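Notes to accompany the following structure.
These figures come from a predicted structure and were not determined experimentally.
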Amino acid sequence: MNLKHAWRQHNRLRTCLLLLALLISGNAAQAAAPKASLAISCGAVGMELRLCEEGAQAWATKTGHSVRVVSTPNSATERLALFQQFLAGGAPDIDVYQIDVIWPGLLAKHFIDLRPYSKGAEKEHFAAIIENNTVDGKLVAMPFYVDVGLLFYRKDLLERYGRPPPATLDEMAATAAAIQNAERAAGNERMWGYVFQGRAYEGLTCNALEWVAAYGGGSFVDEQGRITVDNPQAVQALTMARGWVGSIAPEGVLNYAEEEVRGVFQAGQAVFMRNWPYAWALLNGDDSPVRGKVGVLALPRGSADTPPRSALGGWQLAVSRYSRHPELAADLVMFMTSAEQQKRRAIEGAYNPTRPALYQDADILHAQPFIGQLASSVAQAVARPSRVTKGQYNRVSVAVANNVHAALGGQSTPQEAIDKLAGELKRMSRRGWH
């Protein structure tokens with residue numbers, strides 16, 4: 001009996017040792033299994049690049065996978081050309097792309113649908129951005145951060161001359177003229193009332209969209225792809241803007257992009273400025289002549305009966321159809337666009353969240369007070385017609401900018417510019433937008 005008992009004990013011990021060996025072997029094999037390596041193209045330089053790298057590394061630490069940040073050109077035009085080259089060849093080198101708000105329609109066929117991975121998170125973002133990023137029923141990108149056109153103003157000058165912040169474009173023009181004239185009479189001969197992006201490029205397309213939408217004239221091309229720009233409100237908006245050039249805005253505004261506009265305003269030579277939120281931190285930098293003297297508003301209405309309308313800008317994250325790890329890439333996107341990461345980016349870099357709830361976050365408002373004023377502008381932002389015009393959007397934008405620029409410069413009347421623009425857009429759309 002003792003021998004039998006000993007033999008049974010021996011067998012039990014042997015079985016346990018075999019099981020333990022298998023367990024250790026399995027764990028060792030799992031530990032030795034290679035983790036996935038992903039690549040993301042986001043940011044370009046400076047703080048944006050650093051914040052992207054930090055977010056990607058946080059996901060890598062959490063999941064055990066690795067992420068490489070791919071360097072991209074700072075110019076959006078050059079970045080798009082690079083992305084198109086990668087995507088057209090089906091290259092798997094980049095898993096996650098940071099794309100401009102006007103690219104979803106152009107690049108949608110190269111990206112996966114993120115709805116199966118979002119778990120309903122899209123409902124927590126501004127509806128206008130989600131709509132912009134949805135092409136043929138597919139959510140091809142998640143919102144990363146948002147931009148909207150804003151009106152910056154010299155609050156010290158408005159207070160000095162007893163003028164309230166303007167609510168309408170007419171009020172803005174009247175205040176700009178009054179303060180411009182008063183400042184020049186006081187010896188500041190270089191003062192102007194208003195500066196905006198007037199060069200014939202995408203920035204002017206955004207300004208023109210805001211003017212036309214402010215008067216209820218639509219967005220050039222509607223959601224069904226129909227041309228809508230040939231209406232009296234569009235002519236009225238362009239007539240108004242033409243009247244600014246040479247009166248409250250310098251003739252040189254026809255060559256201004258974002259940084260030229262900011263340079264004039266930051267030098268203390270303008271009462272009002274239309275620009276993007278990025279300008280806020282620079283205007284309040286330690287070396288800025290207007291530090292502490294600037295206020296910010298939603299863009300003025302066209303009339304008391306229309307809401308303020310800003311052009312929708314910003315960047316999104318999309319997953320390539322050619323990624324070797326689409327599920328992991330989608331998980332990275334959901335992490336990078338999460339409330340936690342958007343809050344971090346807002347506090348550290350003043351990047352505007354795409355989630356309405358964060359515009360009431362006490363920590364964000366303490367670090368970046370002006371962000372609290374942007375929620376209504378984002379909620380009512382109007383998207384450029386890039387989603388519906390798809391691959392032809394660049395031609396649409398060029399047509400808008402060139403015709404509006406001609407009207408601002410006096411080479412055509414506002415009515416002639418609108419008529420010509422409508423004709424060009426109709427010709428583009430004859431075979432459908434593709």
Do Gln98 and Glu48 get their side chains close enough for a donor-acceptor pair, meaning under 3.5 Å? yes
I'd like to check Tyr194 versus Met172 (side-chain heavy atoms, cut-off strictly below 4.5 Å). Are they in contact? yes
Verdict with supporting geometry, Arg50 and Glu54, salt bridge (Lys or Arg N to Asp or Glu O under 4.0 Å): CA-CA 6 Å; Arg50 176 177 66 80; Glu54 290 174 354; 2.8 Å; yes
Does NZ or CZ of Arg226 fall inside the cone over Trp433's six-membered ring, less than 6.0 Å from its centre and within 45° of the axis? no
Would the number of heavy atoms belonging to other residues, nucleotides or ligands and lying under 6.0 Å from CG of Asp222 be above 12? yes
Side chains of Asp113 and Val140: closer than 4.5 Å at any heavy-atom pair? no
May I ask you to decide whether Arg163 forms a salt bridge with Glu171, counting only side-chain N to carboxylate O separations under 4.0 Å? no
Could you check if a side-chain atom of Ile112 sits within less than 4.5 angstrom of a side-chain atom of Lys138, using non-hydrogen atoms only? no
Would you compute the distance between atom CZ of Phe220 and atom CG of Leu209 and round it to the nearest 0.5 angstrom? 5.0 Å
Could you walk me through whether Asn133 and Leu139 pass the side chain to side chain contact (heavy atoms under 4.5 Å, CB included) check? CA-CA 6 Å; Asn133 294 354; Leu139 180 60; 4.1 Å; yes
Once rounded to the nearest 0.5 Å, what's the spacing between atom CG of Leu297 and atom NZ of Lys155? 11.0 Å
Is there a side-chain contact between Met273 and Leu150 (heavy atoms, below 4.5 Å)? no
Please say whether the positively charged group of Arg345, taken as NZ for Lys or CZ for Arg, lies over the ring of Phe144, i.e. under 6.0 angstrom from the six-membered ring centre and within 45 degrees of the axis. yes
Should we say atom CZ of Arg160 is surrounded by more than 12 heavy atoms from elsewhere, each under 6.0 Å from it? yes
Please tell me if the side chains of Asp361 and Pro353 come closer than 4.5 Å, counting only heavy atoms from C-beta onward. no
Is the Lys NZ or Arg CZ of Arg274 less than 6.0 Å from the centre of Trp276's six-membered ring, within 45° of the axis? yes
Rounded to the nearest 0.5 Å, what separates atom CD in Glu189 from atom CE in Met191? 12.5 Å
So do the side chains of Leu82 and Pro73 get within less than 4.5 Å of each other, counting heavy atoms only? yes
Could you go step by step and tell me if Thr72 and Ser41 meet the side chain to side chain donor-acceptor pair (under 3.5 Å) rule? CA-CA 7 Å; Thr72 57; Ser41 68; 5.9 Å; no
For the residue pair Tyr97 and Phe111, does the interplanar ring angle fall in the parallel (under 30°), tilted (30 to 60°) or perpendicular (over 60°) class? tilted
Heavy atoms from other residues, nucleotides or ligands near CD of Glu348 exceed 12 (cutoff 6.0 Å): yes
Would you say the side chains of Trp280 and Asn275 form a donor-acceptor pair under 3.5 Å? no
Just by distance, with hydrogens left out, do Tyr201 and His405 show a side-chain donor and acceptor under 3.5 Å apart? no
Ala330 and Tyr117: which non-hydrogen atoms are nearest, and at how many Å? CB-CG, 3.5 Å
If every non-hydrogen atom of Ala128 is compared with every non-hydrogen atom of Ala381, which pair is closest and at what distance? CB-O, 4.4 Å
Derivation of the side chain to side chain contact (heavy atoms under 4.5 Å, CB included) call for His110 and Phe86: CA-CA 10 Å; His110 298 292; Phe86 271 90; over 6 Å; no
Do Asn132 and Val101 come within less than 4.5 Å of each other through their side chains, counting heavy atoms only? yes
Please tell me whether Gln269 and Trp192 have a donor and an acceptor in their side chains that are separated by less than 3.5 angstrom. no
Is it the case that the side chain of Arg199 and the backbone of Tyr256 share a donor-acceptor pair, with hydrogens and angles ignored and the cut-off at 3.5 Å? no
Minimum-distance pair of heavy atoms, taken over all atoms of Leu87 and Ser320: CD2-OG, 4.1 Å
Report the distance from atom CH2 of Trp103 to atom CG of Leu80, rounding to the nearest 0.5 Å. 5.0 Å
Would you give the length of the straight line joining atom CD of Glu210 to atom CG of Leu169, rounded to the nearest 0.5 angstrom? 10.0 Å
Checking side chain to side chain contact (heavy atoms under 4.5 Å, CB included) for the pair Val271/Tyr153: CA distance, chi angles, key distance, verdict? CA-CA 6 Å; Val271 182; Tyr153 67 98; 5.7 Å; no
Verify side chain to side chain contact (heavy atoms under 4.5 Å, CB included) between Thr337 and Thr354, making sure each step is shown before the conclusion. CA-CA 9 Å; Thr337 59; Thr354 63; over 6 Å; no
Test log, rule salt bridge (Lys or Arg N to Asp or Glu O under 4.0 Å), inputs Arg395 and Glu424: CA-CA 10 Å; Arg395 294 176 61 205; Glu424 292 179 13; over 6 Å; no
Verify the neighbour count for atom CD of Gln360: are there more than 12 heavy atoms of other residues, nucleotides or ligands below 6.0 Å? no
What class does the angle between the rings of Trp211 and Trp244 fall in, given that below 30° is parallel, 30 to 60° is tilted and above 60° is perpendicular? perpendicular
Please give me the minimum heavy-atom distance between Ala375 and Phe126, naming the atom from each residue. O-CE2, 4.0 Å
What are the two closest heavy atoms between Ser37 and Asp95, and how far apart are they? O-OD2, 4.3 Å
Can Gln342 and Tyr351 be counted as having a side-chain donor-acceptor contact under 3.5 angstrom? no
Measuring from Ile40:CD1 to Met336:CE, what's the distance to the nearest 0.5 Å? 4.0 Å
So, do Val382 and Ser219 sit near enough that their side-chain heavy atoms are less than 4.5 Å apart? yes
